[in-house]
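Below is one structure, written out as structure tokens; comments come after it.
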There are 2 protein chains.
Amino acid sequence: MCLGDDHTCPQFDLHRQQLLADLDRERRSFLKSAFVATGAAATLTAGGAVLTPAHAQTAAARQGRPNHHYLPATADTVHWGYFSKLLKPQIEIQSGDYVTIETLTHHANDDAERMVKGDPGAESVYLWTKDKKGVDRRGAGPADGKLLGRGAGEGFGVHICTGPVFVHGAEPGDVLEVRIIDVKPRPSANPQHTGKAFGSNAAAWWGFHYKELLTEPKPREVITIYEIDATGQRNWAKAVYNFQWTPQTDPYGVVHKTIDYPGVPVDHATVKENHGILKNVRIPIRPHFGVLGVAPKEADVVDSIPPGYFGGNIDNWRIGKGATMYYPVAVPGALLSAGDPHASQGDSEMCGTAIECSLTGTFQVVLHKKATLAGTSLADLNFPLLETQDEWVLHGFSYANYLAELGDKAQQDIYSKSSVDLAVTDAFKKMRAFLMGTKGLTEDEAISLMSVAVDFGVTQVVDGNWGVHAVIKKSLFAGGEA
Amino acid sequence: MCLGDDHTCPQFDLHRQQLLADLDRERRSFLKSAFVATGAAATLTAGGAVLTPAHAQTAAARQGRPNHHYLPATADTVHWGYFSKLLKPQIEIQSGDYVTIETLTHHANDDAERMVKGDPGAESVYLWTKDKKGVDRRGAGPADGKLLGRGAGEGFGVHICTGPVFVHGAEPGDVLEVRIIDVKPRPSANPQHTGKAFGSNAAAWWGFHYKELLTEPKPREVITIYEIDATGQRNWAKAVYNFQWTPQTDPYGVVHKTIDYPGVPVDHATVKENHGILKNVRIPIRPHFGVLGVAPKEADVVDSIPPGYFGGNIDNWRIGKGATMYYPVAVPGALLSAGDPHASQGDSEMCGTAIECSLTGTFQVVLHKKATLAGTSLADLNFPLLETQDEWVLHGFSYANYLAELGDKAQQDIYSKSSVDLAVTDAFKKMRAFLMGTKGLTEDEAISLMSVAVDFGVTQVVDGNWGVHAVIKKSLFAGGEA
């Protein structure tokens, strides 16, 4: 399916034009509401020198002091379900700047009372009446939604991504360091739920479990709503209720028999809420961003679901507070986006989703120019690398760069070609290259070391391009001779 | 290949007779040396009421006090490369008894100077002159070794297993609990290496990396020798040297171009030792038993390499001090064996082996009768379950019971049919059954919980029947209503 990015498509020119027109509409919409957005930023920040994008470029930045920017999540600051190098930046920053980014879960409409109602940002994003949608395009599919009739973008990609953030001076070949300074749950704006935040877990058709269900009715999709302490002081979540998905009719009249399009409002009159579930079970929370990454260069519009060298939907719960991510910059300005916020997830994300819960993150963004990388742990970085205080975590996928490896139909084929075995192989190759390239080991040293001291885990088996991460402790290299 | 356990084989009777004759020889050998073995036990123990097997049955056991048994590793107390329900027990114990079991790595002859020389137990096991072997059969293959000409047992199975231990009263359907009380490295008996222990890591042809080598010569096998503090006080290992495997001629004159038969003595005049490798790298140690398990019932002689419901070669580094294993009992007496000791291993055991290092373990063995299991975490247990202070770890494999699932040629076919994907599926099913059966959750509760709070990791991708483990924190269930 040509989205205006397949040069071999006979109708390429037409599709390209449609694509650019779609994106242009989104840009104009942004410009119209820019004043509102930056106004919101000034009132919402919790401290630091808050500057609008315009200020950031003209004031403190040039004096070498980092600025602190704020990017709220509104209908005009998000791109829903896709990455694109063609997107207009929502904010422009300098290396070293801080940026607080609001992110919204794309599952908030599973329980709009708890996760949307009374929240101006979420309401603007989720706005959907019979006449209009706050954000029309949801996914990387055709904007007219006539391919499968699901809606604009067809839900080929589901995550509400806030951004992109343009980093001055970032060029292909550089590495973008993103330090996660803080992560906070987004409180429910509904006065009935003061002090609480909520998340949704969907055991959905794309889950690894779906074809293996034991009990009737089979198959089925089940939504579980979780409650989280909005202050972030309590380190566990608990289930509130669950319900089985029933066909939901969206405001445009399309019936969604399964969870096939993001943001469809669930009519709770049509579902049966089962309360008292997972009684006495406390889920340790691990707030993190399922999606965090830069824009890929290979296509103009890229489905947000499969992760790749550019990061994106890695779905590793370690990408939380205190962690640092490094991404190879693929396009000018890097175009950093954040989304798919999770309150908690297990390695594998078995049923297809985490506790999908809106979060606000504060990041410091540092640009490493290509010329400075030789001899560092970032030399030749061609994948998203995670650093914590104690560990390096390397991300392998079934395909390291599926967009380049799988040809013209990469965005379709990735969904049928993944295996964990391939992801183990990719993680092995990346770890070997890391140990040889940045630690100066021979191949034999690297292979022995990774067999006796590197842990390989299953990141996710539900995102098209499946993931395996390899964890190596920094303390391995801290010893002197003994 | 019929090993005397394939009832459809036209030569079944002949093969069966050969098998029983082989095993009988091993039994007679045991009886001859029983006095020596138990004598050694009395001198080697570090404390506690040491009793020979005969004493254990007649003295304190009947008074309800647990006994402490000692099982040294000698040519007569080990079975090399296979499990068998037909093996004569080396020791008989009561539920609640303690048993200290010496285990020897099957890689000790990679550097006999450091890991065999001067150690009577290891020397008796590794004895191999042109006229005789201390332990002839190594593997589950034909005892005459004429199939591939590698040697008796053909190396179809490689681990030196100490045991089996017969547990009085254990019957099929029961669960055997094995508490790992202590694990100690086996010191080098060579006076030149006092205070040190050693291990070998083989990057071998069965490793996951083998077909992906970057540098010449390709392919190659590489042995890395590691040094460990024999007192167990220092929590890290370091590399001593490595060498590339060269064709090794065993004392019977068979040339081993690759590492195709366990215990072949490496002639260090034929290899080039590279010292000064992995300089300043400290490997955190995780002493554990790669092999720990009970005898399977499906076949008379079972290759020690693929793990299964009976445990065996699970190769999970968490099976160390402080951990408890639970196994479904498949044959009368359970027939517990231990082997494949590791100083450290990473999740995946990428290159085919860990730091293979002789260890001595102290275990307490508790029998749970089938009738007592209902409503407990052990109800309907049909796989090896690991418990630590904080976690339950469930072991999934490509095939939960490959011996039963893959038919007559299971022991061959398992090597070509595994995938990590299958092992993820098996681990998922086991975790679901565990949460539903022992925690009383519905299927929907179980599936949601495992997506948001259970971590799936790659245990190993090198043991024929590949493994994925699922880790769930006990604290999930510790909460009251809030």
Side-chain angles (χ1 to χ4, degrees), chain A residues 201 203 207-209 212-215 222 224 236 238-239 242 277-278 280-284 344-355 419-421 424-425 428-429 432 441-445 447-458 461 468 473 475-482, chain B residues 201 203 207-209 212-215 222 224 236 238-239 242 277-278 280-284 344-355 419-421 424-425 428-429 432 441-445 447-458 461 468 473 475-482:
Chain A
N201 170 251
F208 196 84
H209 72 293
E212 304 285 351
L213 286 166
L214 277 179
T215 56
V222 174
T224 305
W236 48 273
K238 66 174 182 180
N242 69 13
I277 59 163
L278 288 168
N280 296 341
V281 173
R282 294 182 173 186
I283 320 284
S344 194
Q345 187 206 294
D347 280 334
S348 84
E349 204 181 22
M350 184 57 69
C351 79
T353 61
I355 297 180
S419 80
V420 189
D421 299 29
V424 174
T425 304
F428 155 70
K429 289 180 179 176
R432 175 176 58 188
L441 302 186
T442 66
E443 185 178 24
D444 292 337
E445 290 176 305
I447 287 173
S448 181
L449 187 60
M450 95 176 79
S451 196
V452 305
V454 172
D455 293 321
F456 289 74
V458 180
V461 288
V468 163
K473 289 191 166 58
S475 60
L476 286 165
F477 307 103
E481 274 296 326
Chain B
N201 170 251
F208 196 84
H209 72 292
E212 304 285 352
L213 285 166
L214 277 179
T215 55
V222 174
T224 305
W236 48 272
K238 65 174 182 178
N242 69 13
I277 59 163
L278 287 168
N280 297 340
V281 174
R282 294 180 172 186
I283 321 283
S344 193
Q345 186 206 295
D347 280 335
S348 84
E349 204 181 20
M350 184 57 68
C351 79
T353 62
I355 297 180
S419 80
V420 189
D421 298 27
V424 173
T425 303
F428 155 69
K429 289 180 179 176
R432 175 177 58 186
L441 302 187
T442 65
E443 186 178 24
D444 292 336
E445 289 175 306
I447 287 174
S448 181
L449 188 59
M450 95 176 78
S451 197
V452 306
V454 172
D455 293 320
F456 289 74
V458 179
V461 287
V468 163
K473 289 191 166 59
S475 60
L476 285 166
F477 307 102
E481 274 294 328

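Throughout, protein chains are lettered first and strands after them, A, B, ... in sequence-line order, and every chain is numbered starting at 1.
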Next item on the list: Please name the pair of heavy atoms, one in B:Leu214 and one in A:Glu443, separated by the smallest distance, quoted to 0.1 Å.
Entry: N-OE2, 2.7 Å

Note to self: Could you tell me if the side chain of A:Val454 sits less than 4.5 Å from the side chain of B:Met350, heavy atoms only?
What the structure shows: no

Check: For A:Thr353, is it the side chain, the backbone, both or neither that has a heavy atom under 4.5 Å from a heavy atom of chain B?
Finding: backbone

Notebook entry, point to check: Which pair of non-hydrogen atoms, one from A:Ile447 and one from B:Ala203, has the smallest distance, and what is that distance?
Noted result: CG2-CB, 4.1 Å

Checklist line | Contacting moiety of A:Leu441, where chain B heavy atoms sit under 4.5 Å | finding: side chain

Item checked: Residue pair A:Ser451 / B:Glu349: nearest heavy atoms and the distance that separates them -> OG-C, 3.4 Å

Notebook entry, point to check: Taking every heavy-atom pair that is under 4.5 Å apart, which of B:Ser419, B:Ala354, B:Ser475 has the most such pairs with chain A?
Noted result: B:Ser419

Next item on the list: Name the member of A:Val420, A:Leu278, A:Val452 that forms the most heavy-atom pairs with chain B at distances under 4.5 Å.
Entry: A:Val452

Note to self: With heavy-atom distances below 4.5 Å as the criterion, would you say the side chains of B:Thr224 and A:Glu445 are in contact?
What the structure shows: no

Check: Looking at residues at least two apart in the chain, or sitting in another chain, which of them share a ring pair (Phe, Tyr, Trp, His ring centres under 6.0 Å) with B:Phe428?
Finding: none

Notebook entry, point to check: Is there a side-chain contact between B:Leu449 and A:Val281, using heavy atoms and a 4.5 Å cut-off?
Noted result: yes

Notebook entry, point to check: Of all of A:Thr442, A:Asn242, A:Val424, A:Val461, which one pairs up most often with chain B through heavy atoms under 4.5 Å apart?
Noted result: A:Val424

Note to self: How close do B:Leu213 and A:Arg432 get, counting heavy atoms only, and between which atoms?
What the structure shows: CA-NH1, 3.8 Å

Next item on the list: Taking all heavy atoms of A:Leu476 and all of B:Ile283, pick out the closest pair and write down the distance.
Entry: CD2-CA, 3.7 Å

Notebook entry, point to check: Looking only at heavy atoms, what is the nearest atom pair of A:Phe208 and B:Asp421, with distance?
Noted result: CZ-O, 3.8 Å

Notebook entry, point to check: Got a sec, which residues hit salt bridge (Lys or Arg N to Asp or Glu O under 4.0 Å) with B:Asp444, two or more places apart in sequence or on another chain?
Noted result: A:Arg220

